[in-house]
2 protein chains.
Amino acid sequence: MHIYHLAYLYDARADMSEITIKHLAEKLNLATSTVSRALNDSHEISDKTKKRVIELAKALNFQPNAYARGLREQKSKTIGIIVPDRVNHFFNLVIEGVETVCRAHGYSLIVYNSYEDVAQEKKIVYGLLGGKVDAVVMSLADEEKEVEHLKWLQERNIPIIFFDRIAQNVKGSKYVTNDQEAAYIGTKHLLEKGCKKTVFLGLSNTSIVGMARKKGFIQAHEELEIPLSNSSILEFGHDDVQNQAILEKLFYKLDRPDGVLAAAEKLGLSAYRALAKTKIKVPNQVKVVSFTNMQVADLLNPPLSTIAQPAFDLGSACATELIKGLKDKKTDFSLDKKIIIPSVFTARESSQ
Amino acid sequence: MHIYHLAYLYDARADMSEITIKHLAEKLNLATSTVSRALNDSHEISDKTKKRVIELAKALNFQPNAYARGLREQKSKTIGIIVPDRVNHFFNLVIEGVETVCRAHGYSLIVYNSYEDVAQEKKIVYGLLGGKVDAVVMSLADEEKEVEHLKWLQERNIPIIFFDRIAQNVKGSKYVTNDQEAAYIGTKHLLEKGCKKTVFLGLSNTSIVGMARKKGFIQAHEELEIPLSNSSILEFGHDDVQNQAILEKLFYKLDRPDGVLAAAEKLGLSAYRALAKTKIKVPNQVKVVSFTNMQVADLLNPPLSTIAQPAFDLGSACATELIKGLKDKKTDFSLDKKIIIPSVFTARESSQ
DNA sequence: GTGAAAGCGCTAACAA
DNA sequence: TTGTTAGCGCTTTCAC
């Protein structure tokens, strides 16, 4: 009775569950090792056997168990990407670039979201040690306070490639855009168009990206010998409503700025909303240049000049180096180098 | 002092690639099974031993090997989500909703992108059989031509929950928004605002979502007894440039439409661009309602009325049901049911 | 050209 | 309460 019950379960399992190499081997009267070799196109297996094996595998839709293979091989053919904000369009484009290269080389990609939180980032990184990924592409969660978890990962021979918010105190390949130069170009645009009072809108985190952009803003003023007051560099938090309120106040003032460089998309939009809301007709008198990747900058009126990062290219460049290195196994990923990919500045003038 | 001891142990293992349960067991003079049980907080292990084990594990930053565990347990504590377009903002919000619930329950999430391509989707699904995920949340790649791969997955006891572009011929839980109703409301808005000649802009795929929106458009006209000509239902491909050209032509005509319902964000934007480009001053005479999740609709002029899907909620609802079912192991995921979460219609009027 | 057997790291049934 | 052992599915020596 008990036996029948078990037999029944076994049969049910046999049809319903997964096909393994062992099942194939039994059906074909071969050893599992032979089947494995045949499926991996080993040269020591006869063409005839290979054909038999592959045919049956296809017919039964055999899929190798990723975990068994990963355990045995000690690698996963998977790379991980850690971004600070999964919903952000910029990072999505980077991810798409990475994924495209991965797919082309038979790698899988797992996306992790650090929510701009170092604690979360650490959790992700240490979890990665479970062998889930062979390598990591990442943009830091926030200000670079802690790096032990990154060094730890590298010591475990899991290479890291950094992009955008790169680490300063960890060696490795770093892919960035020309943030300072781009901010410089954007600011010069404002100044050359006649802006007399420009402001820089930055997020209050001390991210390397924000710093670079601020430097570019200052650099342009210095070069054109235009004095900058303290009130020209503004810092904002993450609360959009509050930010907009501050900006509205700014634009209501009589000595309001006539040129704005926004170092983040959300700040550019907040500035734009604040301008739109000012009842006195200032919008057209204030030029805005914003770092952004949004697809609708050309639809706004007055138009928003933009600095767009080459996100997709950034991602595919990272992945290309990574996978190449993973394959030849000779690459030294701790080599410190920086690759700069230029942003695209688009000036848009009001038609009115 | 104790700490120093642990640090010493750490150094001793520093060159070894990874810490395993076996390493811990040796250091502690315990069996691997004891260590395993201690780490999993088994009740049959003494508190003292537990403490010793957990302390060392922490000090060495032990991380269990995900592949070994997955292989042994035959489950991965991971769920997969398959979306047609990873870069699309709507799907990103859904993903965020799913991820939030997953994290809260200790599940990992892997995102797969089908690129709106059924062949790609099949590849993903069959690859999933490798045991990488315990369950799947998905929105179909395209028109529902093929479903064997989905049924296959279900037969392998991997539950699927559908959302947005749901399957008609596969049983299961289906989470959707009220597309027909939302389109109906949007269209009625246009008609009540006095539009005499309305057009529906849809993508030419036959997705269930597009169909429902089209139905809503027609329903509103029928209800208000306003006749619809053939030329009122327009279908577009995926080439934005070409779409915009077609729309420009449309708006240049003397008998141009004065109301537009766009069933996809990209079409709404193309229509908007086309309107902005027409030299004759038509923009303000044409009202546009678009399905969209973009964050800047309020910045446009003339304003764009929008129908936004509750993407995050959709995602978290799917994940909640899924994980609950995975946990109690009693849920029948082949039960056919539909959960409708309402969209949000926002009417925006021109201030001019 | 093919088979037998070991072992990747983990958990659980069974022993003690 | 702890130890011994088997085995998840796969690849890879080492035999033959």
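Proteins get letters first, then strands, A, B, ... in listed order; numbering begins at 1 in each.
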Heavy-atom protein contacts under 4.0 Å, nucleotides 2-9 of chain C, coded B base, S sugar-phosphate only, - none: BBBBBBBB
Between B/Arg156 and A/Gln63, a side-chain donor and acceptor under 3.5 Å: no
Inter- and intrachain pairs under ring-ring contact (aromatic ring centres under 6.0 Å, His included), touching residues 113-156 of chain B, at least two apart: B/Tyr126-B/Trp152
Distance-only polar pair, side chains of B/Asp332 and B/Ser334, donor-acceptor under 3.5 Å: yes
Contacts of B/Lys337 that satisfy salt bridge (Lys or Arg N to Asp or Glu O under 4.0 Å) - sequence neighbours left out: B/Glu321
Check against side chain to side chain contact (heavy atoms under 4.5 Å, CB included), A/Tyr107 and A/Val101: CA-CA 8 Å; A/Tyr107 273 74; A/Val101 175; over 6 Å; no
Phosphate OP1/OP2 of D/dC10 contacted by A/Ser36 side-chain N/O (<4.0 Å): no
Rounded to 10 degrees, the angle between the two terminal axes of the helix from C/dG1-D/dC16 to C/dA16-D/dT1, each from five pairs: 40°
B/Lys48 NZ: over 12 foreign heavy atoms closer than 6.0 Å: no
By salt bridge (Lys or Arg N to Asp or Glu O under 4.0 Å) - contacts of A/Arg72 (at least two apart): none
Listed partners of B/Glu96 passing salt bridge (Lys or Arg N to Asp or Glu O under 4.0 Å), at least two apart: none
Rounded interatomic separation in angstrom, taking CG from A/Asn40 and P from D/dT12: 7 Å
